[in-house]
Number of protein chains: 2
Amino acid sequence: KAASVWVFFPVTGNTFSKIMMAEESHRQDSAYLLIFIMLLTLTILTIWLFKHRRFRFLHETGLAMIYGLLVGVILRFGIHVPQSTSDVVLECAVNASPATLLVNVSGRFYEYTLKGEVSRGKDHQVQDDEMLRKVTFDPEVFFNILLPPIIFHAGYSLKRRHFFRNIGSILTYAFMGTVISSNLLVVVGQLGGDFFFTDCLFFGAIVSATDPVTVLAIFNELKVDVDLYALLFGESVLNDAVAIVLSSSIVAYQPTGDNSHSFEAMAVLKSFGIFLGVFSGSFALGMATGVMTALISFYFTKLRDFPLLETGLFFLMSWSTFLLAEACGMTGVVAVLFCGMTQAHYTYNNLSRDSQDRTKQLFELLNFLAENFIFSYMGLTLFSFQSHVFNPMFIIGAFLAVFLGRAANIYPLSFLLNLGRRNKIGMNFQHVMMFAGLRGAMTFALSIRDTATYARQMMFSTTLLIVFFTVWICGGGTTPMLSFMSIPVGVDSDQEHSDSCSFLFRTSDWFFQNVTEPLFITASGLLLSVFTSFAHIMFFFPSFFLTKYLKLSQIE
Amino acid sequence: KAASVWVFFPVTGNTFSKIMMAEESHRQDSAYLLIFIMLLTLTILTIWLFKHRRFRFLHETGLAMIYGLLVGVILRFGIHVPQSTSDVVLECAVNASPATLLVNVSGRFYEYTLKGEVSRGKDHQVQDDEMLRKVTFDPEVFFNILLPPIIFHAGYSLKRRHFFRNIGSILTYAFMGTVISSNLLVVVGQLGGDFFFTDCLFFGAIVSATDPVTVLAIFNELKVDVDLYALLFGESVLNDAVAIVLSSSIVAYQPTGDNSHSFEAMAVLKSFGIFLGVFSGSFALGMATGVMTALISFYFTKLRDFPLLETGLFFLMSWSTFLLAEACGMTGVVAVLFCGMTQAHYTYNNLSRDSQDRTKQLFELLNFLAENFIFSYMGLTLFSFQSHVFNPMFIIGAFLAVFLGRAANIYPLSFLLNLGRRNKIGMNFQHVMMFAGLRGAMTFALSIRDTATYARQMMFSTTLLIVFFTVWICGGGTTPMLSFMSIPVGVDSDQEHSDSCSFLFRTSDWFFQNVTEPLFITASGLLLSVFTSFAHIMFFFPSFFLTKYLKLSQIE
């Protein structure tokens, strides 16, 4: 009788092997994610060591990149896992690649979702390494999961007093500067060979955005002059917003209808309108959810007794800003930036003491993890990405353009601004700003989003090198640079939140809290929208004419 | 000249429509995620209202389910979005459905990943609603993202003194109880019609795990008797671990080789060995990472100066436990439970005051969000799930078995335990424990994991009803039940962590902190492993013979 006991574990070979395969794949996924977690853990421990020893020549982001690089090398050259046999190549009569595929396997339907294009050798052989493909994330992960907390944190922790005091200069640097340096980059883009003009535009748009992470972390630690901090911080945060809207507008562009040639004036106007709409829409949306959260936390005052609920609400409302903007076809990252600023102004003061700490700590942690993840992923990508295209001419040109563009941004604009400023921007400040034009997370995320064509691959590789160079050399050299330029450090920036009712002009007047600052925020948002729209126009036209008349590149 | 300006936005119809399609899909995804976030926000606000008004007849989890239900009804009957046209049905000559598909579209390769089986009508027509399919998450999301923080939090916030004082009773309830009630359920499973025996085993395994969330939140709020709390908490947490290991062992079972009939003794032994290995391996892994984190936080004492780094490290190490266990083929959830317990014992005391608060608050928030998400998703599923199978006979049988099983667990075992206990478990405690046997997140997650066959669909629908009933009726009735049974409430449980050096026997002896409690943890882990392995045997055999000799069901 006992001989039949095990009959009741009937798994047919087929089902069983399918379960095993799925389990195997799940195991591998876990292992690869584990690699990243270990990388982050290692980074944290080393950061601690550096902080403990007051070693400041390599910032944590640079460190994360080095560890990523090492793991990339190991994965590339050390371990080699052959292509798994679970791949089945279907030769099907589909013209395009749809987002969803339904496969009919003997009467049962299985749904497949598009993961992306896979690069193959010329003879269509299965060439790439399963492992390297596995450690590559969907680029949308950066936009939908990693960037929002970073940008929100930037808005939430913005020192608003200094920001608004320098709003004019910040806007000038962020917009005029982007336009100048990206025009230069567009011209350099022509060096890449057979690029289309839109590719050059795209390259200009993504590489001119400076990064708020690395330098500001150092500034924050050293407590440098608050105005310098505000200038660089404001510029790089707004920069990111401009870069993301500009680049997505380039990708999604199309002329109106078939007979577009005859409607050029309309088309320009229309594109201007769309751009203005997207930017100010995102801005308005971010402000609106911020204000709504503030109202909820104001009217539901008893919510203060339950910090967990309060924090949960705050977190969910801020996240929903991002989703709402994306669902409406706006730009989630821009919305989240303004949501953060509004939350810091309105909601923060309505929260209980406990929740104030909780929300700050929560977003600090999320920001920290996301940041380090992006930077270690960058390091990894240099070796794990399969289709790098390194073109020496293009790389040299791009490096030159990045630095010349930065110089053409900072020095002339500072000169012009100093004509109007009471509190002049000194030459030492200008040199530091010139030096601190790092490229970071946003540039990387934008360039990895689409690496399907040869031109985009070349851009991606070049961008990666620019990021590495600026983060290591410029980031590492910031501390010596500051002391060399004799910039005041150890300045005690006043606690923003403890006297948040009086941050403007140091009066505790209700009027300032409730009328002046909101007006400032709104006005700056509108200014931003208009500025960006103009920048958008100013960005396209000079680039176009330069290209057209110098006959540098193909204009399709 | 100007007429050619717009030529440089060349997006071919194909590329453009692809971008638009991807964008449209991204928008929809954002919108559906937004629905959930809004649901959670609404839940939070209503919870606050309930807490404010001291209304205790509906717990937050029940509330989340109701909101989910409402949204499910709206999505199902209110809005109707037709099937998107982006689906392409391929009729291909593949025998199995591989995890990855490579599609060759005119020379370019696109990678597709398997999302799951899609139910189709008999005539293979595209019948299901795009929207309802979109709001359905991959079941693995529950296992890899939502359950780990809940289980970790359970381990981390465990009141260890009371837990260890009642360890014998807890183990008895958790294991013997599971065996008894699942055997009953297996017999009931036969009512479902043409089930395979493994299906019945699976049903028994998943439905007998009680939920630690709802009742304990109420208990915590009312501060009920600590022993009652410890008994219920310990039982339901260990329950979950048993259910997950048992059910996955059932799914992955197979006889050894083709001539398995002749090796039954070996096979039994081997399965016992595997089970013991998986359970004790997961347990050891969880403990090991916990101890490692403790060592790091102990030796890197200067880490205390940087609470952000400390919290980040803590979070990453705890997460890597889960990933490591999954990567090694162990059970991540079990590992995370023991990791949480170890962290609470060792690491917590090494952390800075600031990090202690941060980690507690972080996991509290994650737990809160994950919990409410699961429960509102449950509500949604009742209407959005496409292939419900409601079989009245089976449902009635299952409900009866759930309650009879619970009674057969609590009353006889309490009688036996009281023979040995100094501190007897009173009849009023027993009634409350009988009543508080809710089914929740784990049961749901396990039953939604596989809904491919008719039997599994019927189980899923029935499980959903059981969860709804127990959460609403039993959960809502807990407060009146407590006062009816005159259970002491408002008991001030001593602060666990403030005197964590002396939680055992109230001595501040180094010996207890460093020898006795670790031994207790290790011993209980080993006991758990052995107990579970026996439970596993005891679970299979009686069920098998019952089924075999009563000739109730098909034995394949």
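Every chain is numbered from 1 and lettered A, B, ... according to where its sequence line falls, protein lines coming before strand lines.
Between chain A and the options B:L324, B:L308, B:L365, the largest number of non-hydrogen pairs under 4.5 Å is found for B:L308. The residue among A:A325, A:S320, A:G332, A:A31 with the most heavy atom pairs within less than 4.5 Å of chain B is A:S320.
Taking CE of A:M317 as the reference point, atom CG of B:L40 lies at 12.5 Å (rounded to 0.5 Å). The CH2 atom of B:W48 sits 10.5 Å away from atom CD1 of A:I296, with the distance rounded to the nearest 0.5 Å.
Annotation for B:A327 and A:S30: closest pair N-CB, 3.8 Å, computed over non-hydrogen atoms. What you find for B:I37 and A:L316 is that their closest heavy atoms are CG2-O, 3.4 Å.
Neither the backbone nor the side chain of A:N372 comes within less than 4.5 Å of any heavy atom of chain B. With a 4.5 angstrom heavy-atom cutoff, B:F315 touches chain A only via side-chain atoms. No part of B:D357 comes within reach of chain A, as not one of its non-hydrogen atoms sits under 4.5 angstrom from that chain.
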task: Determine, step by step, whether A:T311 and B:E364 satisfy the side chain to side chain contact (heavy atoms under 4.5 Å, CB included) criterion, reporting the C-alpha distance in whole Å, the side-chain angles of both residues, the deciding distance to 0.1 Å, and the verdict.
output: CA-CA 11 Å; A:T311 313; B:E364 201 184 344; over 6 Å; no
task: Walk me through it: do B:I47 and A:F306 pass the test side chain to side chain contact (heavy atoms under 4.5 Å, CB included)?
output: CA-CA 10 Å; B:I47 291 169; A:F306 308 101; over 6 Å; no
field: From CA spacing to verdict: side chain to side chain contact (heavy atoms under 4.5 Å, CB included), B:W319, A:L33
entry: CA-CA 10 Å; B:W319 191 14; A:L33 196 51; 3.8 Å; yes
